[in-house]
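Okay, structure first, notes after.
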Number of protein chains: 2
Amino acid sequence: MFHIMVVEDDQALNKLICRVLIKNNYEVVPAFDGEEALSLLDQNYIDLIITDLMMPKVDGYDLTKELRESGYQLPILVVTAKDTFPDKLKGFKLGIDDYMVKPIDVNELLLRVEALLRRARIIYEKKLEFPHVCLDYINLTVTVDGKSQILPQKEFQLLYKLLSFPNQTFTRQQLMDELWGYDSETDIRTVDVHVNRLRDRFREVPYFQILTVRGLGYKGMVEK
Amino acid sequence: MFHIMVVEDDQALNKLICRVLIKNNYEVVPAFDGEEALSLLDQNYIDLIITDLMMPKVDGYDLTKELRESGYQLPILVVTAKDTFPDKLKGFKLGIDDYMVKPIDVNELLLRVEALLRRARIIYEKKLEFPHVCLDYINLTVTVDGKSQILPQKEFQLLYKLLSFPNQTFTRQQLMDELWGYDSETDIRTVDVHVNRLRDRFREVPYFQILTVRGLGYKGMVEK
DNA sequence: GAGAATTATGAACGTTATATGAACGGCTGA
DNA sequence: TCAGCCGTTCATATAACGTTCATAATTCTC
């Protein structure tokens with residue numbers, strides 16, 4: 001779901017934080033100093049960073065500075081033993097979002113991570129992520145290899161439904177019930193038309209497709 | 001400048017916080033319980049709330065709940081003596097943004113206020129900068145490739161909002177709420193008219209645009 | 001392989017959402 | 001006080017969408 005980078009040179013603490021995050025359904029990318037963090041950031045999509053301040057090579061301050069100066073706006077949460085006001089001042093002035101003093105309560109960490117994601121409007125993006133493909137429910141947007149397009153609502157909802165449960169066959173009636181409402185009087189074949197349009201739209205995209213299950217309905221398939 | 005409401009039943013602390021904020025150029029609206037806070041919120045434009053949890057009549061939890069349920073998205077910073085995890089959990093789940101435990105360092109409070117305003121894009125910098133394009137909130141000025149023009153207020157605010165969160169779709173209602181006020185009775189279609197005028201105005205500019213998300217609202221796009 | 005059943009596809013249509021132009025009235029500053 | 005700007009409303013034009021329908025293509029059954 002959300003991708004969080006944990007930058008912390010203390011191996012044990014790094015591992016602890018990562019484990020807690022993973023347990024709470026975050027995707028985690030660990031790094032052990034600021035330099036590694038910067039290079040990993042280029043290669044991974046990251047929603048939020050949790051970072052220590054004191055670290056070898058590039059420290060937390062410089063990491064923050066680098067990121068903000070190169071335009072990264074992602075939330076940065078500092079976890080550190082430094083408890084003096086000047087440290088906090090420096091951190092906040094560089095553009096961090098939150099500051100926790102060790103020893104930290106990992107449960108509070110989770111709460112603060114969530115609050116930051118919410119505030120940065122990252123968390124409300126109901127998303128479906130696959131390799132090469134991402135569906136954004138809020139924006140009705142399908143992104144394939146970085147290229148986004150907005151779909152009409154019905155088409156989007158249909159695709160979203162089918163890809164939410166890949167390989168599971170849905171009858172037309174099921175789809176009608178869920179997307180059109182249980183009492184809809186719309187012709188059941190309307191589903192076909194939308195499926196057809198989706199196929200047209202993504203004819204060239206190899207990463208997913210909608211299969212017909214004759215006699216039953218349709219099913220979504222991802223990344224053969 | 002920015003308008004901050006301080007909700008705290010301890011008169012001395014309330015006064016202290018207000019004084020510090022005023023000294024740092026914030027406009028302050030004090031309230032001494034949640035009920036008063038709610039009624040003052042209707043009458044004043046507020047950017048951020050600092051609130052205690054334990055208060056007579058409506059407490060901090062209920063205040064937060066009320067606000068979030070009626071659509072207010074402004075940052076809420078809790079200042080409280082309650083230091084247990086369940087308290088924090090409850091607070092964050094209700095939608096607070098930050099949590100400080102008494103006794104607090106007012107200087108750190110200032111830093112956190114600043115961080116929240118920045119993150120909520122309540123224009124701490126009062127500027128939005130992209131390649132080729134810069135929006136100056138103070139002067140209502142949009143600069144494209146060095147050429148500046150002043151926009152009418154509503155048009156400017158709308159553009160500013162949309163470009164503050166590029167690629168995020170805003171419903172007309174959200175935009176109305178934030179730019180016109182939660183209780184505004186202005187026709188929702190007024191948003192369309194302003195969008196239309198902005199498009200007219202920047203028709204020739206390739207660096208940003210406002211896209212329609214049919215059935216939902218609008219979103220800003222920067223530098224395709 | 002023929003006919004029946006099912007699905008695919010393209011075109012057309014009505015509906016709804018949005019875009020656009022024009023006009024009105026209030027406010028502001030000269 | 002008046003002109004001009006601004007925000008708003010309204011009426012109408014336009015475009016997008018969802019649906020239906022007719023027909024073609026495919027698959028299944030016997």
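Proteins get letters first, then strands, A, B, ... in listed order; numbering begins at 1 in each.
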Enumerate all atom pairs, one protein N or O and one N or O from nucleotides 23-30 of chain D, separated by less than 3.5 Å.
unit_1: D/dT27; atom_1: O2; unit_2: A/Arg214; atom_2: NH2; d: 3.2

Checklist entry - After noting the C-alpha distance and the side-chain angles of B/Lys57 and B/Glu36, does the key distance pass the salt bridge (Lys or Arg N to Asp or Glu O under 4.0 Å) rule? => result CA-CA 9 Å; B/Lys57 300 180 188 169; B/Glu36 190 185 358; over 6 Å; no
Presence of salt bridge, [Y] and [X], under 4.0 angstrom:
| X | Y | result |
| --- | --- | --- |
| A/Glu155 | A/Arg201 | yes |
| B/Arg197 | B/Asp200 | no |
| A/Asp97 | A/Arg68 | yes |
| A/Asp192 | A/Arg172 | yes |
| B/Glu8 | B/Lys102 | yes |

Next on the checklist: Between B/Tyr45 and B/Asp47, is there a side-chain donor-acceptor contact under 3.5 Å, judged purely by atom types and distance?
Outcome noted: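 Indeed, the side chains of B/Asp47 and B/Tyr45 share at least one donor-acceptor pair under 3.5 Å.
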Checklist entry - Are a donor atom and an acceptor atom from the side chains of B/Tyr61 and B/Asp87 found within less than 3.5 Å of each other? => result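 Indeed, the side chains of B/Tyr61 and B/Asp87 share at least one donor-acceptor pair under 3.5 Å.
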Hey, does the side chain of [X] come within less than 4.0 Å of [N]'s phosphate (OP1/OP2), counting only N and O?
| X | N | answer |
| --- | --- | --- |
| A/Asn196 | C/dA8 | no |
| A/Tyr218 | C/dT6 | no |
| B/Arg172 | C/dT18 | yes |
| B/Arg189 | D/dC10 | no |
| A/Trp180 | D/dT19 | yes |
| A/Thr212 | C/dA8 | yes |
| B/His194 | D/dC6 | no |
| B/Thr190 | D/dT9 | yes |

Item to check | Close side-chain approach of B/Leu128 to B/Ser164, heavy-atom, < 4.5 Å | outcome: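 The answer is yes; the side chains approach within 4.5 Å.
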Checklist entry - Base, sugar-phosphate, or nothing: which does A/Val193 touch, judged by heavy atoms less than 4.0 Å apart? => result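 Counting heavy atoms under 4.0 Å across all strands, the contact made by A/Val193 includes a base.
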Item to check | Non-hydrogen atoms of A/Ile150 and B/Thr212 that approach each other most closely | outcome: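 Looking at all heavy atoms of both residues, the closest pair is CD1-O, 4.1 Å.
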Checklist entry - Where is the tightest heavy-atom contact between A/Gly220 and A/Leu163, given as atom of each residue plus distance? => result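 So the minimum-distance heavy-atom pair works out to CA-CD2, 4.2 Å.
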Item to check | Distance-only donor-acceptor test, A/Arg199 side-chain atoms vs C/dT7 base atoms, 3.5 Å | outcome: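 Result: no qualifying N/O pair found.
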Checklist entry - Of all the choices, D/dT8, D/dT20, C/dG21, which nucleotide is nearest to the side chain of B/Arg197 once you look at every atom? => result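 Nearest nucleotide to the side chain: D/dT8.
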Checklist outcome for this item: Given Watson-Crick and G-U pairs under 3.5 Å, DNA chain D in dot-bracket ([ ] crossing, | other strand) is ||||||||||||||||||||||||||||||
Checklist entry - So which of residues 150-170 of chain A are in contact with DNA chain D, with a heavy-atom cut-off of under 4.0 Å? => result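 Correct list: A/Pro152, A/Gln153, A/Lys154.
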